[in-house]
Amino acid sequence: MGLTKYLTAEEVADITGLSHETLAQWRSQKRGMPYLKIGRTVRYDPADVQQYLEGCRVSVSDPRERRRS
């Protein structure tokens with residue numbers, strides 16, 4: 001059983017396009033994606049980051065399926 005490579009806040013910021021400051025604010029407000037706090041170290045599970053990104057997905061309908069007015 002291998003250990004998961006957890007991501008730093010900087011890595012999550014790079015992946016999501018969110019700023020490091022936004023991630024810090026979300027942590028202090030207990031919102032956003034789950035994180036681990038080990039001593040003073042903050043890490044994110046890649047699966048949680050992926051789930052957050054999936055939640056940001058916006059579906060668009062096929063233009064051919066739109067109703068004609």
Side-chain angles (χ1 to χ4, degrees):
M1 179 175 170
L3 292 176
T4 300
K5 157 82 168 81
Y6 292 101
L7 303 170
T8 65
E10 290 80 11
E11 290 171 320
V12 173
D14 288 342
I15 291 167
T16 62
L18 297 167
S19 71
H20 185 265
E21 292 77 19
T22 295
L23 292 170
Q25 286 177 358
W26 285 2
R27 288 192 305 270
S28 72
Q29 296 167 358
K30 306 276 194 253
R31 46 183 295 223
M33 57 194 101
Y35 63 94
L36 294 111
K37 180 104 183 207
I38 306 162
R40 294 176 135 187
T41 304
V42 172
R43 294 290 185 264
Y44 292 85
D45 187 325
D48 291 332
V49 176
Q50 183 63 39
Q51 185 175 5
Y52 168 81
L53 291 172
E54 288 296 325
C56 294
R57 183 183 301 268
V58 176
S59 287
V60 293
S61 62
D62 186 332
R64 295 170 291 180
E65 294 177 1
R66 292 186 183 152
R67 291 186 191 172
R68 293 185 180 170
S69 301

Assess, by modelled atom type and distance only, whether the side chains of Gln25 and Glu21 contain a donor and an acceptor separated by less than 3.5 Å. no
Can you confirm whether [X] sits close enough to [Y] that some side-chain heavy atom of one is under 4.5 Å from a side-chain heavy atom of the other?
X     : Y     : result
Leu23 : Tyr35 : no
Met33 : Thr16 : yes
Ile15 : Leu53 : yes
Arg43 : Leu7  : no
Pro46 : Thr4  : yes

Under 4.5 Å between side-chain heavy atoms, counting indirect links through other Ile/Leu/Val/Met/Phe/Trp/Tyr residues: same cluster for [X] and [Y] or not?
X     : Y     : value
Val12 : Tyr6  : no
Tyr52 : Val42 : yes
Trp26 : Tyr44 : yes

How many angstroms lie between atom CD of Gln50 and atom CG of Asp45, to the nearest 0.5 angstrom?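 Answer rounded to 0.5 Å: 11.0 Å.
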Ser19 versus Ala13, closest heavy-atom pair with distance: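 It is C-CB, 4.2 Å.
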